[in-house]
Amino acid sequence: SSTTASSCEPGAGAGGGANRVFSAGRISVSTISSAVKASAAGLGDVAGVADIVTSMMNAYGIKASGAFTVTDKLITAIREGKAEPEQFARSLGQVLPIAREAGIGLDEVLSSVSAITLQGFSAPQAITSVRQAISNLISPSKEAAKELDLFYGEGKGVITVQAKLQTEGFEATLQDLYQKTGGNLQSLDAIFGNIRGLSGVLALANGEFAKMDDITKQIANSSGVTKS
């Protein structure tokens, strides 16, 4: 339902968290319902979950009726990784705007973070790494642009990578870069600029590209997870 509520009493068993959500502003009932379910699955208090679900929907233009689809994806991503659930959900908002700007789909944002946590990164570390990697690809330094030109042609590196992100996705773009550089750390460092962005790329390259692909598919087929 897309019905909204502003100062309603929470439903039975919703707890104080839900009350804060309802009194915070006009949030859809479906968002509240999905947040209550996701909170019960360990993603944090209802207010916090509703906040991140709303951020995800706003960032990707998802209608209120899609709230359960969003929590299905989020729960699946957390389940497939090794991050602390509440930390994962709470930190996710830091990467959503830039990922959307780069044209990277929600499923790949979630799967990249999930796959990186399998390498021992905490959720905030993984999310910072993904955010930094994306930032370095869509707003590269002069050094990075010059390095990209070596692989994609003079003056074509940046625009080629940006187009790849939008048409082929985050994973395919990273894989292509890794293959073109031959995994050379000096070259990758020139492209990704600092250890925070580079560390996540290297974590994915360390056998996790295949895992990221698998998680992306599971997220895409996660319908019903929240309600189960």
Side-chain angles (χ1 to χ4, degrees), residues 43 52-53 55-57 59-60 62 69-140 144 148 161-181 183 188-189 191-222 225:
L43 270 63
I52 187 57
V53 169
S55 294
M56 292 166 75
M57 291 193 297
Y60 282 90
I62 300 170
T69 298
V70 169
T71 51
D72 288 343
K73 293 177 183 296
L74 182 57
I75 290 171
T76 301
I78 292 171
R79 183 189 66 203
E80 294 302 316
K82 287 187 177 179
E84 194 277 319
E86 186 173 353
Q87 220 177 38
F88 190 120
R90 190 173 61 243
S91 304
L92 193 60
Q94 297 173 19
V95 74
L96 295 175
I98 195 167
R100 184 68 181 89
E101 179 188 347
I104 299 170
L106 179 59
D107 291 5
E108 280 204 316
V109 174
L110 293 170
S111 65
S112 62
V113 173
S114 182
I116 291 173
T117 65
L118 292 173
Q119 290 286 332
F121 289 68
S122 69
Q125 289 172 332
I127 286 166
T128 295
S129 185
V130 170
R131 184 187 69 214
Q132 193 65 53
I134 295 170
S135 176
N136 289 337
L137 291 177
I138 65 172
S139 301
L148 290 171
V161 167
Q162 292 173 346
K164 278 182 172 292
L165 284 172
Q166 295 189 26
T167 59
E168 298 178 27
F170 190 43
E171 180 197 346
T173 302
L174 292 180
Q175 277 191 299
D176 191 53
L177 280 169
Y178 195 77
Q179 289 168 359
K180 279 185 164 54
T181 61
L188 288 168
D189 183 58
I191 295 170
F192 290 100
N194 62 57
I195 192 62
R196 286 185 296 180
L198 179 58
S199 60
V201 175
L202 293 177
L204 288 172
N206 188 27
E208 298 304 334
F209 278 131
K211 185 60 180 175
M212 179 181 167
D213 185 57
D214 178 58
I215 295 173
T216 302
K217 290 174 182 175
Q218 292 195 52
I219 290 171
N221 294 291
S222 61
V225 169

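With rounding to the nearest 0.5 Å, the separation of CZ in R79 from CD in Q218 is 6.0 Å. Of the inter-residue distances, the one linking N221 atom CG with T76 atom OG1 reads 9.5 Å to the nearest 0.5 angstrom. A distance of 12.0 Å separates OG of S199 from CG of L188, quoted to the nearest 0.5 Å. Note that CD of Q166 and CD of E101 are 9.5 Å apart. Values are rounded to the nearest 0.5 Å. Interatomic distance, CG of D176 versus CD of Q179, reported as 6.5 Å (0.5 Å rounding). Here CD1 of I104 is found 12.5 Å from CD of E168. Values are rounded to the nearest 0.5 Å.
Within the 3.5 Å criterion, the main-chain N or O of Q132 finds a donor-acceptor partner in the side chain of N136. No donor-acceptor pair under 3.5 Å is formed between the side chain of S135 and the backbone N or O of R131. A side-chain donor-acceptor contact under 3.5 Å links T181 to the backbone of L177.
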Checklist entry - For L110 and L92, what are the C-alpha separation, side-chain angles and deciding distance, and is it a side chain to side chain contact (heavy atoms under 4.5 Å, CB included)? => result CA-CA 8 Å; L110 293 170; L92 193 60; 3.5 Å; yes

Next on the checklist: Test side chain to side chain contact (heavy atoms under 4.5 Å, CB included) on L106 and L96; report intermediate values, then the result.
Outcome noted: CA-CA 8 Å; L106 179 59; L96 295 175; 4.1 Å; yes

Next on the checklist: I'd like to know whether D213 forms a side chain to side chain contact (heavy atoms under 4.5 Å, CB included) with E171, so could you lay out the CA-CA distance, the side-chain angles of the two residues, the decisive distance to 0.1 Å, and finally the verdict.
Outcome noted: CA-CA 8 Å; D213 185 57; E171 180 197 346; 3.5 Å; yes

Item to check | Intermediate values then yes/no, side chain to side chain contact (heavy atoms under 4.5 Å, CB included), L137 and L174 | outcome: CA-CA 10 Å; L137 291 177; L174 292 180; 4.2 Å; yes

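Considering all non-hydrogen atoms of both residues, I52 and G93 come closest at CD1-N, 3.5 Å. Nearest heavy atoms, I127 versus F88: CD1-O, 3.9 Å. Nearest heavy atoms, S112 versus L204: O-CD2, 4.1 Å. Residue I219 comes nearest to S111 through the heavy atom pair CD1-N, 3.8 Å, listed as atom of the first residue, atom of the second, then distance. Across all non-hydrogen atoms, the minimal contact from E108 to M212 is O-CE, 3.7 Å. For P140 against A144, the heavy-atom pair with the smallest separation is CB-CB, 3.7 Å.
Taking the side chain as every heavy atom from C-beta outward, T117 and I78 never approach each other to under 4.5 Å. Residues Y60 and V109 are in side-chain contact: their nearest non-hydrogen atoms beyond the backbone lie under 4.5 Å apart. Looking at heavy atoms from C-beta onward, S122 lies out of side-chain contact with E84 at the 4.5 angstrom threshold.
Classification of D214 and K217 as a salt-bridged pair fails, no side-chain N sitting under 4.0 Å from a carboxylate O.
Atom NZ of K82 has 12 or fewer heavy atoms from other residues, nucleotides or ligands within 6.0 Å.
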